[in-house]
Every structure is written in C-alpha cells, then in structure tokens.
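As a basis for the values below, the full set of heavy atoms in this structure was taken, side chains included, without hydrogen atoms, waters or symmetry mates. Values in this document were obtained by computation on a predicted structure and should not be read as measured data.
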Amino acid sequence: MAARFNPLEADARWQKVWEEQGTFHASGDGARPRAYVLEMFPYPSGRIHIGHVRNYVMGDVLARYKRMNGFDVLHPMGWDAFGMPAENAAMEKKVHPGEWTRSNIDTMRGQLKLLGFAIDWTREFATCDPSYYGHEQALFLDLFEAGLVYRKQSEVNWDPVDMTVLANEQVIDGRGWRSGALVERRKLSQWFLRITDFADELLDGLGRLDQWPDKVRLMQENWIGKSQGLRFRFDISPSPSGEGVGGWGMSQLYPTSPTPTPPLKGRGLESFEVFTTRPDTIFGASFAAIAPDHPIALALAEGNGGLAAFIAECKQGGTTAAELETAEKKGFDTGIRVIHPLDPEWKLPLYVANFVLMDYGTGAIFGCPAHDQRDLDFARKYGLPVTRVVAPSPEEAEEPIGDEAYSGPGRLVNSRFLDGLTAEDGIREVIARAEADGWGEGTTVWRLRDWGVSRQRYWGTPIPIVHCEACGPVAVPRDQLPIVLPEDIDFETPGNPLDRHPTWSKVDCPECGGSARRETDTLDTFVDSSWYFIRFASQPGDAPFDRAEAERWLPVDQYIGGVEHAILHLLYARFWTRALQRIGKLDVVEPFRGLFTQGMVTHVTFQDPQGKWLTPEEAESHGGPVIRGRVEKMSKSKRNTVDPEPIVDQYGADAVRWFMLSDSPPERDLEWSEAGIQGSWRFVQRLWRLADEEAGRGSSTWLGDGEDAALDRKVHRAIAAVGANIEALAFNKAVANLYELTNALEKAPASPSRSRAVETLIRLAAPMVPHLAEEVWAAIGQEGLIAQAEWPVADPALLVEEEVTIAVQVNGKLRDTLTAPKGAARETLEEMALASEKVARILEGKPARKVIVVPDRLVNVVA
RNA sequence: GCCCCCGUGGCGGAAUUGGUAGACGCGCUCGACUCAAAAUCGAGUUCCGCAAGGAGUGCCGGUUCGAGUCCGGCCGGGGGCACCA
C-alpha cells in the first residue's frame, strides 16, 4: 500500500469498476427485500452545486448501507428538465432550450459521477424526453376522462411585455421579474386538476405519515386549511323606498348615483350566503359584508358610481405581504339591509368591504365585532354596535369589549336561547337549528384551491387536447401520443412560441374531422415531478409504468430533499398518487413513506466598503479593507458559492462526502469552510494509515496472542451506534462514532482484536468513504467489492459493559464517582457511596436523610 | 397578526424515560520531529482560581432527591401562512 491515499487515481478506478460490474443496479428479482431510496431530482441548471452534493451524499450513504444489509436497493437519478430557465437561456443566448438543457445534463451527470454515487444509471431519464412526457400526457388524459381535469376562467398574472403568465413568486412589487413591466390581472381559460376533491384524504393521510417531519405535516395541514362551520343565507330586506342607496360611512367620499335602484331583483340576488366558523356568535352580529367582486356588489355598482369607484379602489390595493399587513379595513355601505336569520325584525347593514375575499368561503361574511379582530376594527371605524356574546366567566358577561376582540373560550351571553351554553355547544345548536329551519347547513370550507396547470410557455409538456369549435375541448387519441414539441421555434418575439408556430397548432378535430386548434399551453413542471418516482420504479415503453412492478417498489422508503418543497411538490405528488389510485391505475396511497428535509449549505460572505460582494478569494487578495459578512445561503448574487468540482479534484470524492456528513445535523444548515474540508481530508488519510499499518504488519508479527476484550467491546458498540445513527439519518453522530473508534484503534496495541477491528471500521466507513474503503478492502486481500460486502453484526453480549461508573451526588451535586460491577445491588451501591471520603466530609458525621439509588447510574445522598 | 421550531465552550455540535453537561470535529496553546516549513505525533483547551474549591446549558420563577431535558412568564433568533370569516 502507498503511504498516502491517492483519490485522484483511486476514485476513477473504482467508479469504473462499479459501472462495469453494474454494482448498483436494482435487480427487482425478488430474491432480497427491497428498499427505495430517493433524493429529489435536480433541475439541470448548469452545474452541480454543493447543496446537491449534500443531498445526494445523504441518500447515497443510506442506499449503500441498505445494500450492505442485504436489500435490493433502488437508488435512481434523473432530471427535472422542463422549465423557464431554459427559455430564458434561449432568449438570451440564442440557443434552443432543448440543446441548453441536454448540455447541462451532460455536464451535471459527469459531475455527479465524480462523487461516486451508488446510483442505478440505467434508469436515468429527463422529463423533457418525449418518452417521459408522452406517458405524462396519457396520464393527464386518464385523469381528464375520470373527470379530475376541468377548464375554467381564472385570473392570472400577465406580463404584457414578455406576453406570458407569471407565477406569484415571479411578480416582484407588482412587476414582472424579467421584464420589469407592470403586471396585469387577466382572465384566461386554464386547465385545473381537482386536488380539492382529495382535500379531506390528503389532510387525513398526514396523520399516518409518521416518518415525515412534523414541520412539513403542519405546513401541509395549514395549506389545506380545513375550517368547519355554518353556511347560511341572508335575505335582503325589501325597503319601501326601493333598495336603498349609499348613505353612510365611506360612501360619502364617493358621489352617490342619481339612479338609486340597484338591479338585484329577478337576478337571483335577493339573498346571499355567508360562511362562519363561529355560528355561536350569531347574536353578536352587527353587519354583513361582501367582497368587492361579489356578484351583488358588481350588480349594485351598475347603478352606483360611488360603489363602482370604491370597488375599483379595492382592486388597486397591493397584494404584497407588507401592504396587507398595514391595509386599513375599508367598507362601503350599500344602504341595503339584510334580515337576521333568527329574528325577522332584526336588520343588519350590508357593506362591501375590502377585507372580504371572493375566493374563500362564499365571498361574504357576517360581522361579529366582539369576537373577531377584523370585524372589531371595522365596527369601530364605522360606528357599528359591539355586543359581547361570549364571556370567559359569568362576572364578565357585561364587560365591554375594548380594542381587542375576545376569541377565547367561554359561555354564551346576550344570546337569547343560547345563553349559558358553551361556545362549542352553541355552534352545534345553531347549526342544528339552521338545518331544521332550512336557512343554513353545517359545512366544511377549505383553503386549498384546485391546481391550475396551464402555462403559456414552450418548454413544458404539451397538453394533449384539441379545441374544436363544434366539439369543444377534445382529448387527443392515445395513438397520437406523444404530442411532441416542435423543434423549429422562434424566440425572437416575446410570448409563447407554440402560439406563433405556423403549423403545429393546426390539426383536425379527432371527433368531427373539422379544422381545430391544438392546445398551445403546456403543463406546470410540478406535474412532471408528481410521478417521476413511479417511472423510476418501472419504465416500460408502451405505458407510463408497469403496475405490479411499481407497486413492488413503492412507496419510496426514504425521500430526501429541501424543505422548500414541503408544500407544493410534496402535496402535488401525494395528490397525483391518490388520483392514480382512485382511477384504478396504481394501488399506492402515499408516495413517500419516509421524508427527510435536509438543511442548506452556507458560506461566509465578504463585501468591500462600497458594499460590493467579493468572493472569498477576492477578499483574501483584496488590498483594501474587507467586511466579513454573515454566513449565508450560497447564492450567485452574494458571490459566496463553492463549485464542488475543483474541490473534488483537489481532495477527492471521499473527503468531500465526509465533510458533507460531519458536524452539522443533516436537517440543519452546514457551513462550508476550507478548514472543514481539510479536516475531512486528514481523516481520510488517517483511516488509510491505520489500514496501511495493519496490512503491513501481517498476522505473524503480533506482540502477543492476547485478545483485547476492551477493544472488542468498543468495536461492537460502534457497530450498533453507527448502524442506528445511519438508519436515523443522524449522519453527524455516525461520523462521531467512527472518529471515536478510529481514536481508540490508533491507541490500541497490536492484537488479533485490533486487526479485526480495523477491518470492521472500514466496513462501517464504507458507505461514507466508498473509494478509500474499496482500496483498503482490496489491499487487505478481501474478495469482491466492499460495496457488496456484509454490514457487520453487533454481538449483544459485547454491548453490555462489565463495569460501570457510578456518579455519587450529595443533594444532587456530583461529588465523586465510583466503579462498580454492572447490575450491582442497590444496597451495595449505597454502601459504596456512603463510604466515599468526599461524601463523608460533606455530611460532617450527620446521617443521610435519604439515599436515592439509580442502578448502574448514580447514587444521590440527601443530607 | 396567527401557527411552528430553536437558544449548550472561541465555533459546528453531543447528552435513553429527568440521572456524571460539553462526546466528536474545527480552532487555539504548549511540546516532539525538522536547518526550516508542511505533514505527522503527544499534552491541554467551559469560565473564575496557584490550589482547595466555586460557578455554569438566553433571563426570571416553579416542580423534583436531582432539570440542558418538565411547567409558567419574559428576552433573542429562525421558519411557515397571511385580511381564510
């Protein structure tokens, strides 16, 4: 063996061996139990960054560990290859999005291979392959035929310069992030998937995902947003003088229309529904309010210029977080009165209010100022009555409400027949009465919206629909799939190139044969990532997947990725899987049994006094003063990124892998540092020296024949600890276990125990530093690959200590320690502790009041 | 505003059910080897103190024989949602 481990030479050599032998192919032959380990597949943006490396190293350690434990492991890799950056590159660099994407994939695949990941590359695909998205089109049609896809008008963010729809995240301060143009709200016909049909089961299923982080489950729960309550009808009160005009409040700021008769009658607008989660507070009602775009508001505005102006003003209001937070509650009194459902004599004013949202519930509310902060703010502003109807105690029944609404528990007061009931009973009672009397019903409202999947872009999966004037939207016949994106496209003009293509969209209607137009929208790329894990498990040519084979691999046993996908991707994938189950295509309920969200890789930042960001190298060579900034997420704009490739060239894959696993718990951020990677490099070399020494010594040169029982125990404790920590994905702890064992081995005198221990250490380290492990494995004359060797088994007998250290406390303070045989009797321990000089000194001859003995742990003497 | 998580040495972080706080790594100090350096090896490294000893897990209080861990109240940091009725 060489004096030093040379990764430059060894890495490539072992990577070639693994590839040639197909070491990491998932066989699926049923001979071994299966394990499916998956990291979120990357978007081919250009180059691998260090965050990818951390993500894939974690999955890789688990995959290799599972393989050594006798599993048939599926650990695939692919590319989430559709999306905007490719189109931006096309516009900026005049390169075809496909060409740009393919070239990035080639680069990144090469970079990933440098790290020696145990990936089954035979299953690799990119979502931009027609052989992938064609099957996606088929699945879309399956859902379409099952009624889970529909088309409706919806408001979108429209960039008038780029002529494209923008996602909310792409609208910054009301402007398109690329063009800087003021974004318009536009109504477009879009395709939607009925994810709301699954709201209940998606929520319910979270409870059974016990191997998911609580945080992610909670985020999804909030996102789905289930609210139970009462939906009920308000009838508009007929008034002698017609149906009212704006008379009070805000309306004075706006000119009142000279034609005061609002056209509600005969249009189904004589009543409207509201939703509330607090029907118990119904006797605290002091007003009703509708959204500015509620049909009644729009109808009233036809005859009321003041209201029309108010509605227009509401629409202008920004929708950014900051603006909403400070936005004042504003309303417009329509002059209309509505009838309280429990008292026909009780009339409430109807406002149009800026804080009522048309797309939640029914777009209308009843206002109960005493117990809802927004309603209270509103009521105070417009001088509306505030009546307490819930009191935390009988004494507080008449306590006036101040500036804060009371939303806590209590009993109902000032509420006629509800008085004395708890709030919960009140809710039940009012719902029961509403249902019995026919003016409302108990219902559930969700925050979750249906998933709009239409994107007015080129680089995505074409939606397999044809629009025919006679037949409407028609599914493309299956034998015409895949609908392939045209290659001859023009990015010179903004907008969707598919729309402008001279021939692509011109087709005959599959139903009537008449001339028709192909759908030119493409699917949201989140659709692509909603089923790729199924395609990894099984990829026949003529179908999206083979059902039986997919069911044998799924669900994914361990899924690893960034927490930024906690909601959208993970919710969409759960929905898609359930949708496939509902239509009878795949009997899997949840796609990911275990989920792990890893932290980011961060790095220090540097700036010069002018605030210009500097790379770490620039900071070092910079002549003038340099400000050392915070440790932050790596980003190009802050110039604190680290390219993994030169680092792998310098230190080798194993040192990089080891560093990615060290120190920080995997769910937290890891700070990249030069010292850290050097430390890892040193450890790789230490392992090498240890093995080298042992190999060089040969078995004939023992100093003695004696076994080293203490070392044996340490080894077996390490076997148990490393295994448990890898299974728990606590890689930083597994790393610490390996350091401890290495330290112990370096100090241990030569013995057969030590030789065995070094071999065990290499096995334990193999998932983390696989190239070095293979090199050592071969050098010590072992057959085959360590990647396929068995994980050592801890001997339970050696996990038990013979002697234990007992802490001796006086009044809970540590005063002494003593060594006792494992399992020593309470009395023995007590006796030993009381015999301690230090204890005796503190007791000063007085007897102990009490002695607490925790066997094998401590004795606490209470003085 | 609502919901959730986290505060432990110079730094990253360990610490079963409450039971010896600081494992392991980084950094630093001293020493060995060396002409010197790198590499490597040895010793040390929570704070105060020469020591004996004392203090110590953001702060204040509580429960307990015993609290980093449990409870209450603050302070600080991070994340999610965002006028959701």
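Across all strands shown, rG1(B) pairs with rC81(B); the Watson-Crick or G-U wobble distances both stay below 3.5 Å. Base-pair partner of rG25(B): rC11(B) (Watson-Crick or G-U wobble, both distances under 3.5 Å). Summarising the base pairing, rC70(B) is matched to rG62(B) through a Watson-Crick or G-U wobble pair whose two defining distances lie under 3.5 Å. For rG76(B), the paired base is rC6(B) (Watson-Crick or G-U wobble, both distances below 3.5 Å).
Dashed line: the shortest gap from a side-chain N or O of Arg682(A) to OP1 or OP2 of rG27(B) is under 4.0 Å. For the pair Arg689(A) and rC41(B), the criterion of a side-chain N or O lying under 4.0 Å from OP1 or OP2 is met. Put simply, Arg4(A) has no side-chain N or O that comes within less than 4.0 Å of OP1 or OP2 on rA39(B). Under 4.0 angstrom from either OP1 or OP2 of rC24(B) there lies no side-chain N or O belonging to Ser662(A). OP1 or OP2 of rA55(B) has at least one side-chain nitrogen or oxygen of Lys813(A) nearer than 4.0 Å. For Asn732(A), a side-chain nitrogen or oxygen approaches OP1 or OP2 of rA14(B) to under 4.0 Å. For Arg449(A), no side-chain nitrogen or oxygen approaches OP1 or OP2 of rC84(B) to under 4.0 Å. Contact annotation: Arg815(A) side-chain N/O to rG54(B) OP1/OP2 distance is under 4.0 Å. Phosphate proximity of rC5(B) to Arg217(A): absent, as no side-chain N or O sits under 4.0 Å from OP1 or OP2.
Between Glu693(A) and Arg754(A) there is a side-chain heavy-atom pair separated by less than 4.5 Å.
Nucleotides rU57(B) and rA23(B) are separated by 15 Å at their C1' atoms, to the nearest Å. The same atom, C1', is picked in rG7(B) and in rG56(B); the two are 16 Å apart, to the nearest Å. A gap of 29 Å separates the P atoms of rG73(B) and rA21(B), to the nearest Å. Distance check on atom P: rA15(B) versus rU63(B) gives 29 Å, rounded to whole Å. rG19(B) and rG25(B): their P atoms are spaced 25 Å apart (whole Å). Nucleotides rU34(B) and rU40(B) place their C1' atoms 12 Å apart, quoted to the nearest Å. Nucleotides rC59(B) and rG66(B) are separated by 22 Å at their C1' atoms, to the nearest Å. Atom C1' of rG54(B) sits at a distance of 36 Å from the matching atom of rC41(B), rounded to the whole Å.
For the residue pair Arg686(A)/Asn743(A), the side-chain donor-acceptor check at 3.5 Å is satisfied. In summary, the side chains of Thr602(A) and Asp669(A) do not present any donor paired with an acceptor at a separation below 3.5 Å, with no hydrogens or angles considered.
Distance from the side chain of Arg857(A) is smallest for rG19(B) among the nucleotides rG19(B), rA85(B), rC24(B). When distances are taken from the side chain of Leu858(A) to each of rC83(B), rA82(B), rU20(B), the shortest belongs to rU20(B). Nearest nucleotide to the Tyr360(A) side chain, out of rU20(B), rC65(B), rC84(B): rC84(B). The side chain of Glu740(A) lies closest to rC24(B) when the candidates are rC41(B), rC24(B), rC3(B). Between rU20(B), rA85(B), rG25(B), one nucleotide has an atom nearer to the side chain of Thr805(A) than all others, and that is rU20(B). Distances from the side chain of Pro665(A) to the nucleotides rC84(B), rG13(B), rU40(B) place rG13(B) closest. Picking from rG27(B), rG13(B), rG25(B) the nucleotide with the shortest atom distance to the side chain of Asp663(A) gives rG25(B). Listed nucleotides: rG25(B), rA82(B), rA23(B). Nearest to the side chain of Trp223(A): rA82(B). Listed nucleotides: rC83(B), rU20(B), rC65(B). Nearest to the side chain of Lys850(A): rC65(B). Minimum atom distance to the side chain of Ala807(A) is reached by rU20(B), of the listed rU20(B), rC41(B), rC84(B).
Enclosure of atom NZ in Lys226(A) by more than 12 non-hydrogen atoms of other residues, nucleotides or ligands within 6.0 angstrom is indicated. The number of heavy-atom neighbours closer than 6.0 Å to CD of Glu746(A), taken from other residues, nucleotides and ligands shown, is above 12.
Base orientation for rG9(B): syn, the chi torsion being within 90° of 0.
Comparing Tyr739(A) and Leu814(A), the nucleotide of RNA chain B nearest to each residue sits closer to the 5' end for Leu814(A). Where Asp669(A) and Ile806(A) each meet RNA chain B at their nearest nucleotide, the meeting point lying more 5' is that of Asp669(A).
Ring centroids of Tyr351(A) and Tyr382(A) are separated by less than 6.0 Å, placing the two rings close together.
At a threshold of 4.0 Å, the pair Glu801(A)-Lys822(A) does not count as salt-bridged, since none of the basic side-chain nitrogens sits closer than that to a carboxylate oxygen. For Arg374(A) and Asp377(A), the salt-bridge test fails: no basic side-chain N is under 4.0 Å from an acidic carboxylate O.
Counting non-hydrogen atoms under 4.0 angstrom, Asn860(A) reaches a base of the nucleic acid.
Residue side chain Lys733(A) does not reach the base of rC24(B) through any donor-acceptor N/O pair under 3.5 Å, judged by distance alone.
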